[in-house]
Each structure stands twice: as C-alpha cells, then as structure tokens.
Amino acid sequence: MKKENKNIGAFLSEYGVFIALAILVVIISAISPEFRQPGNFLNLLRQASFNGLIAFGMTCVILSGGIDLSVGSTFALSAIVCAEMIGHGVPVIVAVPVALLVGVALGLISGLLVTKGRLQPFIATLITMTAYRGLAMILTDGKPISRLAESSGDSLLFKAMGKGNFIFTFAPDFKIPIPIIILVVVFAIMYFVLKHTVFGRRLYATGSNAKCAALTGVNINRVKMSVYAVSGFLSALAGLIMISRVDSAQPIMGSGYELDAIAAVALGGTSMNGGRGRIAGTIAGVLIIAVLNNGLNILGVTSYYQSVVKALVILVAVLSDRKR
C-alpha cells in the first residue's frame, strides 16, 4: 500500500502540472464555447509567448538558487532603447541586436551585484528593477513612443517579430504566429542546454549545493552571471516582440511580468530553493497562467478577482513544492 502511494505521489510530482493544465482547459472549454475556438487558442499562445520567454530565463535563475525581480524593467528598458534608436533613424537590423545586447548587459549588472557585490538576489534585483524602470522613464520622459512601424520604414523584420505568421505552402489557410515559433525554438534550445550539456549539469549542481559544486571545480560565479545574462536576453527579446505587436513602447510596459514569470516557474515544479526543476514544467506553468487569464477574461471576471485567483494558484504551487 505504501509502495502504491509512493508511486502515485511520484507520478503526480512528475506529471501533475500537465494534468492540471488539461483539466483547466476542459473545464473552461465546457463553460465557454468561445474559449475553444481555434482562433482563441492561437491568440492565447501568442499572449503566452511573452511570459514564456521571460519564465524560461527565470527558470535558469531560480535553478541556480537566485531570483530575478528585474525582468519586467529589463523588458521595458530594452524595448525602449530599440524604439528610441528606430525613432532616430537607426536601421532595425542594427537596433534589434543592440537592444538584445542591452538586455544581456542589464542581466549581467544584476549578476555582478549578486556574485561580486555579495548581495542577496532578492535585494540585488530589487535595486536593478527600480533603477531600470527609472531609466526607462528618463529616456522617454514618461511618454510612450508610438508609430514604430512607420519610423522603421515598414521593416519586414520589425513587423514579423510580433505580427508575422508562418504560412504552410500545403495549407495556406493555416497560419502560426511568429511569436509562438520563437517560443518553441527557445524552449527547444533551453531544453537541450539544461538536459544535455555540461553547463546544464553545473547549473543544477550550483543550485543544489553551491559549496559542494565549487569544491568539484564548478565556477559558481560564472554560472550565476550566465543565468542572469540569459534572463536579461530573453526579457529583452520578449520586449522587442511586444513593441512589434503593439507598434509602441511605453516606460510602464512589463510591470508585474516578474510575478507572472515566478508563478509559471513555481507552477511548473521548479524548487524555489534551486537545484530542482525542468523547463517542460515551466512551459506548462506558463500555459496555466495564460489559460486562466484568457478564460477569466472571456467569462467576464474583473481583473481584481483575477489577481486573487492567480494568487491562490501560486499559493497552491508553493505549498506543493514545500510538501515535495
């Protein structure tokens, strides 16, 4: 009997988040016919791509035993740098890579505060979160930057990031939004890196026990710097996709995204203490958050109640993590 209970517990620990996602989709689909429309699912996945990219970076940071509260501010500041360059006539093919490098630099600053400054990750990234948001306000004077597509000379690259679709030649009516494709490609890369590379093993070792990892020759500071750089890069990428989609950049964009990312990582089963988790769980957590947001919007639930529902979901995830 104990063995059966142990097997059931192990099964739920491994696949519980996917079962929860399936149940949630079935329940909302049964309540609302609008939810199960193919167009709504594509829109849901497109919206999930922003949180998904940020959550992938957050997964790496949390696996290392840290946290990154600056992802929303990095999202905004990197996007604004890109928008400012485009507005001043810099070609998109230059502005986009520069903005991504800005995201990496912002992540490295957080990593430096954690490793060289010896600050707690929560404090270090709280500082950078506040500073980056302030810089975004300074660069824009608190005003949005609009008509980016027009300023970019109607660049196909800029439009494709957020508004483009991949069209199959054998099924021209079937289109997959480019943000979804970017999400899938990044997921595949992250899955391979975490599961099949030396860096992935070192990352898990650092999060499990940093002192033991250091004794075995792992440069834990380099690992931590790397994951914050990855987090900054993916936050910047999400920001560029967002401004491409909405054709504007605002200094307040990305506010609260760090909470959704942490929620998705927690729901996916990654331990908040580091060293245990998987990227497949994170994508399931991202989809749970997206389905909740989409379903509650369709059902006409106000944003106030949505916040309470998400808080309860996060609470359940964290309590489950502690029990495991």
Side-chain angles (χ1 to χ4, degrees), residues 49-79 81-82 96-116 121-122 124-125 128-129 132 179 182-208 210 213 218-242 254 257-258 260-262 264-265 268 270-272 274-283 285-286:
S49 65
F50 306 116
N51 187 34
L53 291 172
I54 297 172
F56 291 160
M58 186 70 76
T59 301
C60 292
V61 174
I62 291 177
L63 282 174
S64 73
I67 195 80
D68 190 356
L69 300 180
S70 68
V71 289
S73 299
T74 300
F75 175 100
L77 184 54
S78 302
V81 168
C82 182
V96 168
V98 169
L100 292 174
L101 287 175
V102 167
V104 172
L106 297 177
L108 286 173
I109 292 171
S110 295
L112 279 170
L113 292 176
V114 172
T115 56
K116 303 300 183 182
F122 180 88
T125 56
T128 53
M129 176 185 76
Y132 298 164
I182 294 174
L183 181 69
V184 172
V185 170
V186 173
F187 168 78
I189 294 171
M190 297 292 288
Y191 180 86
F192 177 81
V193 169
L194 292 178
K195 198 169 181 66
H196 300 290
T197 67
V198 173
F199 176 79
R201 291 192 290 273
R202 289 176 176 174
L203 173 56
Y204 279 100
T206 299
S208 295
V218 176
N219 189 328
I220 59 174
N221 283 348
R222 184 179 298 173
V223 170
K224 291 181 179 180
M225 289 284 291
S226 298
V227 294
Y228 279 103
V230 169
S231 181
F233 175 84
L234 293 177
S235 297
L237 178 59
L240 299 185
I241 295 172
M242 173 65 84
Y257 278 27
E258 60 278 350
D260 279 351
I262 293 170
V265 175
T270 297
S271 172
M272 292 294 105
R276 183 178 60 80
R278 51 186 179 152
I279 206 73
T282 296
I283 194 64
V286 167

Hey, could you give me the CG/CG distance between Leu112 and Asn221, rounded to the nearest 0.5 Å? 9.5 Å

Separation of Ser231 OG from Leu108 CG (nearest 0.5 Å): 11.0 Å

For Leu240 versus Cys82, what's the shortest heavy-atom pair and its separation? CD2-CB, 3.5 Å

Return the set of residues passing side chain to side chain contact (heavy atoms under 4.5 Å, CB included) with Met129 (not counting sequence neighbours), or none when no residue passes. Leu69, Ser70, Ser73, Leu126, Glu258

Let me have the donor-acceptor pairs involving side chains of residues 182-203, under 3.5 Å, with sequence neighbours excluded, atom names and distances please.
from	atom 1	to	atom 2	distance (Å)
Thr197	OG1	Val193	O	2.3
Thr197	OG1	Gly200	N	3.2

To the nearest 0.5 Å, what is the distance between OH (Tyr228) and OG1 (Thr74)? 11.5 Å

With rounding to the nearest 0.5 Å, note down the distance linking CG in Leu77 to OH in Tyr132. 8.0 Å

Which residue, Ile109, Leu106, Val114, forms the side chain to side chain contact (heavy atoms under 4.5 Å, CB included) with Thr128? Ile109

dist Thr59:OG1 -> Asp68:CG (nearest 0.5 Å) comes out at 11.5 Å

Residue from Ile54, Ile67, Val61 passing side chain to side chain contact (heavy atoms under 4.5 Å, CB included) with Ile262: Ile67

Straight-line distance of Leu63 CG to Thr206 OG1, nearest 0.5 Å: 10.5 Å

Testing the basics here: between Ala79 and Gly239, what is the closest heavy-atom pair and its distance to 0.1 Å? CB-O, 3.7 Å

Can you name the side chain to side chain contact (heavy atoms under 4.5 Å, CB included) partners of Ala205, sequence neighbours left out? Ala213

